[in-house]
Amino acid sequence: MEKIVSLSKRRGYVFQSSEIYGGLNGCWDYGPLGVELLRNIKEQWWQAMTYREDIEGIDASILMHPRVWEASGHVANFTDPMVDCKECKARFRADQIEDAPCGSPAYKGRKAAKCQAEGKFTDARQFNLMFKTFVGPVEDSSSVVYLRPETAQGIYVNFLNVLSASRQRPPFGIAQIGKAFRNEINTKNFLFRTREFEQMEMQFFVKPGSDEQWFSYWKDQRLEWFLRLGMRKEKLRFHRHEPDKLAHYAKDAYDIEYDFPFGWGEIEGIHNRTDYDLSRHEEFSGKSMKYFDEQSKERYTPFIIETSAGASRSFMAFLTDAYREEEAPTADGATEIRTVLGLHPKLAPLKAAVFPLVNRDGMPEIARSIEAAIRPHFRVFYDESGAVGRRYRRQDEAGTPFCITVDSQSLADRTVTVRERDSMRQERVSADRAVDFLRDRISGVPAGRQ
Ligand code: GAP
């Protein structure tokens with residue numbers, strides 16, 4: 001994990017938020033390469049989920065009417081049990097003390113569980129994870145609103161709007177990507193548990209009775225999405241929630257888990273939420289959330305199958321999965337360790353780098369013209385500094401799938417070498433075909449790891 005955090009900072013993937021002020025716990029900033037990777041993940045999700053006939057997209061506001069969170073159950077139930085250490089004042093989630101270290105620097109290496117056994121902790125009390133703020137200039141209880149802790153509710157409250165605007169009928173879905181906020185008691189493991197994060201959620205509205213079939217369909221589809229983008233099969237698994245662990249709204253639930261360096265962790269949840277959400281909003285708003293099927297003349301409250309992925313957690317899983325160190329030959333026949341981010345080309349922040357082999361004989365001019373041809377289509381990087389082997393290594397570490405080098409043969413026949421990141425194989429391609437070559441290779445990558 002330390003290596004990934006360090007590479008993230010060095011290469012501009014992720015920075016600590018407000019770092020020059022000592023950082024803000026549980027908040028992270030995406031740097032120049034990180035923002036590209038995050039956007040590519042979201043774009044791949046958006047394409048997979050909304051480039052189909054039966055799903056519409058929306059973008060709802062983060063601040064919503066406070067009654068939404070009463071109806072959803074978040075005001076009453078979105079809590080974690082919290083305890084405080086009376087001695088060092090550290091705060092813990094009561095259900096996560098087992099793994100936690102003691103909060104005091106004076107007791108290095110000590111476990112919080114030991115302090116608890118010695119009676120240093122307060123009794124557990126419930127702590128609501130929603131961030132509160134106020135609308136308008138008066139800060140009283142009538143102006144309280146919440147930063148949304150999930151994007152799902154913005155979809156439920158727009159169910160009727162989308163239904164009438166899009167002329168969809170169940171089974172159909174609504175998808176949304178957006179920020180969510182949770183005042184987590186303990187943030188940990190880099191991007192895994194943060195206070196501000198992004199979700200990619202899709203709510204699929206179905207006729208009661210067809211819910212189990214659609215649940216199974218979406219469960220398979222979502223695992224397939226991670227595999228198609230190159231994630232290793234053995235690093236992914238389903239975890240089914242035990243009946244006594246199901247959320248209050250759920251009839252069935254599976255997590256997709258990734259095997260992180262700190263252990264298996266949830267990256268996406270697939271839930272059969274029954275008619276709970278629409279029924280609750282009907283009850284609290286007084287508006288009928290039922291659907292009337294003109295053909296069968298039936299009126300019913302749709303069941304909802306939810307797929308809820310964390311964009312930030314998916315980012316961390318893709319980054320972790322792509323990271324590797326391996327032996328590679330050097331120009332003089334020796335070997336060295338190269339660090340590679342084997343990201344799927346569709347996710348890679350930079351699609352290509354262009355190098356002149358040397359900075360003379362017209363090579364930089366040709367390289368610049370190739371870069372200029374690629375730039376309107378793909379993120380590309382131009383690099384003329386240092387030995388070409390070093391330049392390859394820098395791009396391997398950044399995850400760039402293709403390096404295009406202009407050499408002496410290019411001067412004679414306008415061909416260039418294209419070196420592929422994972423296999424390190426090189427082939428000669430016409431410089432004029434560089435854009436088509438990249439387009440074919442990026443879109444034509446087969447399923448499974450590169
Ligand atoms: N609408 C259902 C829902 O929000 P969830 O299991 O609480 O379900 C869904 O969250 C996904 O959101 C998780 O699988 C995870 O990827 C992401 N997520 C939740 N809390 C997070 C946090 N504190 N930091 C980063 N990602 C988080």
Side-chain angles (χ1 to χ4, degrees), residues 14 17 24-28 30 38 41-42 45 49 60 62 64 68-69 71-74 77-80 93 96 127-131 146-157 173-204 215 218-219 222-223 225-226 231 236-241 245-258 260 262 264-274 276-278 280-281 304-320:
V14 181
S17 161
L24 180 65
N25 208 348
C27 299
W28 297 89
Y30 293 87
L38 186 64
I41 292 169
K42 290 188 286 186
W45 186 90
M49 302 305 272
I62 287 172
M64 300 177 73
V68 168
W69 306 108
S72 68
H74 282 81
N77 299 320
F78 198 55
T79 55
D80 277 338
R93 254 178 75 164
Q96 290 181 355
F127 171 75
N128 195 295
L129 300 186
M130 284 196 293
F131 280 100
Y146 302 96
L147 299 190
R148 66 180 178 201
E150 62 171 12
T151 57
Q153 299 300 327
I155 294 181
Y156 306 144
V157 300
I174 305 177
Q176 168 165 229
I177 299 176
K179 291 258 182 175
F181 304 83
R182 297 183 188 180
N183 199 0
E184 302 282 358
I185 298 169
N186 295 135
T187 57
K188 61 176 181 182
N189 292 328
F190 194 32
L191 304 173
F192 187 79
R193 190 176 304 288
T194 54
R195 296 200 166 108
E196 175 177 339
F197 54 96
E198 261 183 303
Q199 288 187 317
M200 309 185 287
E201 294 197 305
M202 193 281 299
Q203 314 291 327
F204 205 71
F215 181 74
W218 280 112
K219 183 177 148 266
R222 292 307 306 146
L223 184 71
W225 182 79
F226 288 103
M231 215 175 259
L236 287 165
R237 74 176 185 193
F238 279 121
H239 163 75
R240 189 178 195 172
H241 291 209
K245 294 267 164 44
L246 282 173
H248 57 280
Y249 52 74
K251 171 175 161 185
D252 201 356
Y254 279 84
D255 294 337
I256 297 178
E257 293 187 334
Y258 182 79
F260 289 103
F262 52 82
W264 290 94
E266 173 194 340
I267 51 176
E268 171 156 355
I270 297 106
H271 312 126
N272 181 343
R273 300 182 64 119
T274 67
Y276 176 84
D277 305 285
L278 293 183
R280 291 279 290 188
H281 285 302
I304 292 173
I305 307 302
E306 167 180 69
T307 70
S308 175
S312 341
R313 271 200 204 164
S314 302
F315 177 104
M316 190 169 146
F318 280 118
L319 198 65
T320 309

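Here, residue 1 is the first one in the sequence, and each next residue gets the next number. For ligands, and for the atoms within them, numbers begin at 1 and follow the listed sequence.
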*Asks:* Students should be able to answer this: which protein heavy-atom is nearest to atom 15 (C) of ligand 1, and at what distance?
*Replies:* R313 NH1, 3.4 Å
*Asks:* Please check whether G310 reaches ligand 1 - meaning an N/O of the residue sits under 3.5 Å from an N/O of the ligand, judged on distance alone.
*Replies:* yes
*Asks:* Show me which atoms of ligand 1 lie under 4.0 Å from any heavy atom of R273.
*Replies:* 1 (N), 2 (C)
*Asks:* Between the candidates E266, H271, M200, which shows the shortest non-hydrogen contact distance to atom 14 (O) of ligand 1?
*Replies:* E266
*Asks:* Does an N or O from F192, backbone or side chain, lie closer than 3.5 Å to an N or O of ligand 1?
*Replies:* yes
*Asks:* Could you check whether the rings of W225 and F318 sit parallel, tilted or perpendicular, using 30° and 60° as the cut-offs?
*Replies:* perpendicular
*Asks:* Quick one: look up the protein heavy atom nearest atom 18 (N) of ligand 1 and list residue, atom name and how far away it is.
*Replies:* F197 CE1, 3.6 Å
*Asks:* Short N/O distance, under 3.5 Å, between Y249 and ligand 1?
*Replies:* no
*Asks:* Given R195, Q199, M316, R148, which one has a non-hydrogen atom that is nearest to atom 12 (O) of ligand 1?
*Replies:* Q199
*Asks:* Q153 versus D277: any side-chain heavy-atom pair under 4.5 Å?
*Replies:* yes
*Asks:* Is R148 reaching over with its side chain to a backbone N or O of M64, donor-acceptor style, under 3.5 angstrom?
*Replies:* no
*Asks:* Quick one: does E268's side chain get under 4.5 Å of T307's, heavy atoms only?
*Replies:* yes
*Asks:* Please confirm whether T194 comes within less than 3.5 Å of ligand 1 when only nitrogen or oxygen atoms on both sides are compared.
*Replies:* yes
*Asks:* If you measure from atom 11 (C) of ligand 1 to every heavy atom of S308, A311, A253, G269, which option wins on shortest distance?
*Replies:* S308
*Asks:* Less than 6.0 angstrom from the centroid, inside 45 degrees of the normal: does R195 satisfy that with respect to the ring of F197?
*Replies:* no
*Asks:* Distance to 0.1 Å, residue and atom name: give those for the protein heavy atom nearest to atom 20 (N) of ligand 1.
*Replies:* R182 NH1, 3.3 Å
